[in-house]
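Take a look at the structure set out below.
Each ligand, and each atom within it, is numbered from 1 in the order the structure gives. For the numbers below, each heavy atom of this structure counts, side chains included, while hydrogens, waters and symmetry mates do not.
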Amino acid sequence: MLSASKRFLAHSLKFPRGGAFEPGGGRGEIPHQTPIERGNSMKTVSRRIAQIGFNAGKLAAAAALLVLAAQSALLAQSEKAAEIRIQADQVTGHVSPLFYGLMTEEINYSYDGGLYAELVRNRNFKEDPKDIVHWQLVQQGGATGSMSLDPGTPFNEAVPLSLKVVIDKAGGAGRVGIANDGFWGIPSKPNTIYKATFYAKAAPGFTGPITLAIVGDDDTSIRASAQVSGITQEWKKFEATLTTGNVPVTAENKFVLTAANPGTVWFGFVSLFPPTYRDRPNGFRPDIMQLLAGMKPAFLRFPGGNYLEGNTLETRFDWKKTIGDVAQRPGHFNDAWWYWSSDGMGLLEFLNWCEDLNMEPVLGVYAGYSLRGGARITLHSQLQPYIQEALDEIEYVTGDVNTTWGARRAKDGHPAPFKMQYVEVGNEDGGDNQPGSYETRFAQFYDAIKAKYPNLKVIATDTVTTRVADVIDEHYYRRSEEEMASHASEYDSRRVLPAGFGKAPREVFVGEWATRVGDPTPTWTAALGDAAWMVGMERNAHLVKMEGYAPLFTRVDPDGLQWLTDLIGYNTLSAYGSPSYYMQLMFATYHGDDVVSIAAKGVPSMEWQPPAGFGIGNVVRPGQKVQTAGSRGPRPQRVPVIPQTGPVQQPAPQQVPLMHFDATRDSKTGSIYVKVVNRASTAQAVHFALTGVSSVEPNGRTITLTGSGPDDTNSIKEPTKIVPVIANVSGLGTDFTRSFPPYSVSVLELKAAK
Ligand code: AHR
């Protein structure tokens, strides 16, 4: 089998002869001798998309490379040019204001150890019922003591235990205490304020003081510290700030709480926060939020994904246990992805996240089904509490302060209701293989939601026939660029939805999708497959109303992920966007609101052999993971396994287009945005003919993303290797030819007058 890069170079381009125009990525052919444009491309100074925050020197170098690449490509390109016909006055759909969004769940340490900025791991000591994981006993300067989990001294109802620290011998330089190793370390950055909170009580005779410090792993470098005294025999909350000076930027630290007096002290909850996005208490990591803001997401689908369902009723996303004071939240074992969830990222935090980025919530409600049949509740009498749970949840999000749950939200700190239009019933309920189960469950949820909230649109996650779902959520995970590209035109022929969807007009929500090549984040070949797919969705925006790549986040540290190929990667100190992230950022930034007619001829293609056993057109359901026995139960391996759904057979080879197109127009300004994906290893000329406009200015812009080869990628060490470059261009009009670099995704911005 060829390696990815060899495969890339080995494909032979086919230029079809004869045939008709096809939407956006056609395989028809026409004899074509259009003279190619020379010498007028990418002349001007490039600049990069503003929001990303970019190193200007690197940009200039990248831009220069791009210009060089484009020029040499112009010389090397084939005589043949694909033909693109754009009818700008033929509007085929409208890009929904909610089109580009985010899908999220607790996977790959998305929140704990990720977006949620808490630095202390196992902050209420419940993560493991037997071990005090992520905490170590500190005994310094000859002092001695011990620590143990103490169910006899419960912290509160949600946390029915505490951490008992007995200081037997201490004094002077002799200190005893506890140290937390955080999520792959505790960060220290210069001149930064860290906010600590802890709850403690003591046996008679001990009042402190307790010293809190961020300490280097060498145990001697104190990055910042503070002292708290006044510990009493009752549980009490203590707060302190720790301010660093000119300390190194490093994650090789611990958070340490020690005392120099003998005695016994219990801790119920220990927390440490760095600065958060917009200074929100209990808030989010600014670097990750800034990356997300760049994507201009319009909605957030949460809380899952498998995380919504859990493996059992008890381990579902039980939203009522995720609101209010964080010290009173029990947390739960996230058995969908095999790690502890503090539930610091609770329902209101998801909504705050929406508010911070101007996103609309798309709320997934638990629908009586947990993974692997862990729960399946279809009987009305048994399902009713969960239907009520969903109605209460919707009220918490949207109800005013005079409603029960709206009042609770106000008490939790947010009196204003949130705007929400979509509610999703369950997640991937096609995985519930009991006949009629989802149908029955969906109908009951649908009726109850519509009765109380008639304006809400209800999303189904699988085919239903007894109710007309407003929207269907479809998930597509593909195993290669070619596989994704082979499906890129699928929605062109989906004018009518499949049987079983009733008669009403439908909306599609592509709620999870990805080309799964890249560990931990997508490589350039994946981004090209993703771009082909995005073009297909955008071209069919009359049908596809919302889309969200999944998964969104991953830790890049060892054992930091359960699912390969995730959009944004981070460690304790920094975060980066993958090539696919930048592609999506480009798409969401540069588009019009009207989709206009586009047809292609003479598009080069390659022969692709689909892998045996893969059902073309199937929705791939990667819910099944290879698991190995681990000390704390089976844990998913870093191996993507996609279950086969049909008999294993060798499918016929396919011709897959190497270029993909769509066009949108800004109905106010008239500007037209043409998206061109060139997956070929050589530059490709394209001849454009536009009608339905009175003129197109000769000067416009291109926004281009290129990779040097399929394995090229961004990483925590090279976070901006592949980023979009903007160039002013000339030679445009209603009839022109341009060349597109090898392995590139481009947006061509045409200033057109209607
Ligand atoms: O995105 C990862 C998982 O894929 C989601 O949790 C689930 O919905 C899908 O199977």
Do His475 and ligand 1 have an N or O pair less than 3.5 Å apart?
-> no

Atoms of ligand 1, numbered as shown, that sit under 4.0 Å from any heavy atom of Trp337 | 3 (C), 6 (O)

Would you mind running through ligand 1 and noting each atom that sits below 4.0 Å from a heavy atom of Glu428?
-> 7 (C), 8 (O), 9 (C), 10 (O)

Heavy-atom gap Gly304 to ligand 1 smaller than 4.0 Å = no

Run the salt-bridge test on Arg376 and Asp432 with the 4.0 Å N-O cut-off and return the result as yes or no.
-> yes

With atoms numbered from 1 as shown, which atoms in ligand 1 lie under 4.0 angstrom from a non-hydrogen atom of Glu105?
-> 1 (O), 2 (C), 3 (C), 5 (C), 6 (O)

Based purely on interatomic distance, does Glu512 place a nitrogen or oxygen under 3.5 Å from a nitrogen or oxygen of ligand 1?
-> yes

Any side-chain heavy atom of Glu507 within less than 4.5 Å of one from Tyr422?
-> yes

Solution key, residues 382-389 side-chain donor-acceptor pairs under 3.5 Å, sequence neighbours excluded:
unit_1	atom_1	unit_2	atom_2	d
Gln384	OE1	His380	NE2	3.4
Gln388	NE2	Asp392	OD1	2.9
Glu389	OE1	Arg316	NH2	2.7
Glu389	OE2	Arg316	NE	3.3

Please walk me through it: do Thr461 and Asn427 pass side-chain hydrogen bond (donor to acceptor under 3.5 Å, both in side chains)?
-> CA-CA 6 Å; Thr461 74; Asn427 173 61; over 6 Å; no

Test ring-ring contact (aromatic ring centres under 6.0 Å, His included) applied to Trp563 and Phe553, step by step | CA-CA 10 Å; Trp563 184 276; Phe553 294 140; over 10 Å; no

Closest to atom 2 (C) of ligand 1 (heavy atoms only, candidates Tyr307, Trp513, Tyr549, Tyr477) is Tyr477

Working for side-chain hydrogen bond (donor to acceptor under 3.5 Å, both in side chains), residues Ser342 and Tyr116 = CA-CA 10 Å; Ser342 72; Tyr116 180 55; 5.1 Å; no

